[in-house]
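Along the sequence shown, the residues carry numbers beginning at 1.
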Amino acid sequence: MVEKYKPYHKAFPKYTIACLNFFRQAAWVLNFHPYFRNGENTRVQELAQQANIDLNQQARLSVRNLGDARKALPKFQAEFRNLLIQFAEVDELNNLERLEQAIFNDVWCSWYFFAFHPNRRFQNATWQCTQEFSNQVG
């Protein structure tokens, strides 16, 4: 492998594996969590147990893996930039990187509340979840 590609080849799987793991676990959460809002908690847990699925574990792992992807994104972006900047407009790439990071942050905060608090309802989930999470941490 050409030496200049090694950092990119190291950053790429960290990012993509975390995303892939998130999507695998998120599927279970997305399939079952809407029923919690309808007060069908017992039935949902029974169905999950019959499918041999631990919903709490899937929720926890999905939040963790989305967080891992979020953490890996800046390094992945930096390695992409180092390798392929000659094919991009610098201002556009700067804006895209900022936007990607902001979206990951908003999605992670929203997903955190959806995964751990499926009964919660929000008028503006992106803003409220980000604010509430910031208040809990800060």
Does Asn52 have any side-chain contact (heavy atoms from CB on, under 4.5 Å) partners at least two apart in sequence or in another chain, and if so, which?
-> none

In this structure, CG of Leu83 is separated from OH of Tyr8 (nearest 0.5 Å) by 7.5 Å

Are Phe23 and Leu30 in one and the same hydrophobic cluster, where Ile, Leu, Val, Met, Phe, Trp and Tyr link if side-chain heavy atoms are under 4.5 Å apart?
-> yes

Heavy atoms of other groups near Arg81 CZ, more than 12 under 6.0 Å = yes

Gap between atom CZ of Phe114 and atom SG of Cys129 - 0.5 Å precision = 11.0 Å

CD (Gln86) with more than 12 external heavy atoms under 6.0 Å = yes

Could you tell me whether the side chain of Asn94 reaches within less than 4.5 Å of the side chain of Glu97, counting heavy atoms only?
-> yes

Taking only residues two or more places apart in sequence, or in another chain, which ones meet Arg24 in a salt bridge (charged side-chain N to carboxylate O under 4.0 Å, His left out)?
-> none

For the hydrophobic clusters of this structure (ILVMFWY residues joined by side-chain heavy atoms under 4.5 Å, transitively), does one cluster hold both Leu73 and Leu84?
-> yes

Nearest heavy-atom neighbours spanning Ala115 and Ala59 | O-CB, 3.6 Å

Can you establish whether the number of heavy atoms outside Glu89 located under 6.0 Å from its atom CD is more than 12?
-> no

Would you check if Val107 and Phe104 make a side-chain contact, meaning some heavy-atom pair closer than 4.5 Å?
-> no

Given side chains that start at C-beta, do those of Val63 and Trp108 come closer than 4.5 Å, heavy atoms only?
-> yes

At what distance, to the nearest 0.5 angstrom, does OG1 of Thr130 lie from CZ of Phe113?
-> 9.0 Å

Note: Ala48 and Phe32 closest approach over all heavy atoms is N-CE2, 3.9 Å

Residues in side-chain contact (heavy atoms from CB on, under 4.5 Å) with Leu61, at least two apart?
-> Gln25, Gln57, Asn65

Atom pair CG (Asn95) and CD (Glu92), whose distance is rounded to the nearest 0.5 Å = 8.0 Å

Would you say Leu96 and Tyr15 are hydrophobically clustered, going by side-chain heavy atoms of ILVMFWY under 4.5 Å?
-> no

Intermediate values then yes/no, ring-ring contact (aromatic ring centres under 6.0 Å, His included), Phe12 and Phe80 | CA-CA 9 Å; Phe12 181 78; Phe80 177 89; over 10 Å; no

Across all chains, not counting sequence neighbours, the side chain to side chain donor-acceptor pair (under 3.5 Å) partners of Gln101 are Gln77

Do Phe76 and Lys14 have side chains that get closer than 4.5 Å, going by heavy atoms?
-> no

Over all heavy atoms of both residues, which pair between Ala125 and Ser110 is shortest? Give the atoms and the distance, please.
-> O-OG, 3.8 Å

Report the residues that fulfil ring pair (Phe, Tyr, Trp, His ring centres under 6.0 Å) with Phe116, sequence neighbours left out, ordered by chain and then residue number.
-> Tyr112

For Ile53 and Gln58, which heavy atoms make the closest approach, and how far apart are they?
-> CG2-CG, 3.9 Å

Pairs where residues 67-76 contributes a residue and the test side chain to side chain donor-acceptor pair (under 3.5 Å) is met, not counting sequence neighbours | Arg70-Asn105, Lys75-Glu79

Step through it carefully: locate the ring centre of Trp127, locate the ring centre of Phe122, and say whether they are under 6.0 Å apart.
-> no

Student check: side-chain heavy atoms of Leu93 and Arg98 closer than 4.5 Å = no

Side chains of Val90 and Ile85: does their closest heavy-atom pair fall under 4.5 Å?
-> yes

Plane angle bin for His9 and Tyr5 - parallel if under 30°, tilted between 30 and 60°, otherwise perpendicular = perpendicular

What do the steps show when you test Leu47 against Gln50 for side-chain contact (heavy atoms from CB on, under 4.5 Å), and what is the final call?
-> CA-CA 5 Å; Leu47 290 171; Gln50 288 173 5; 4.0 Å; yes

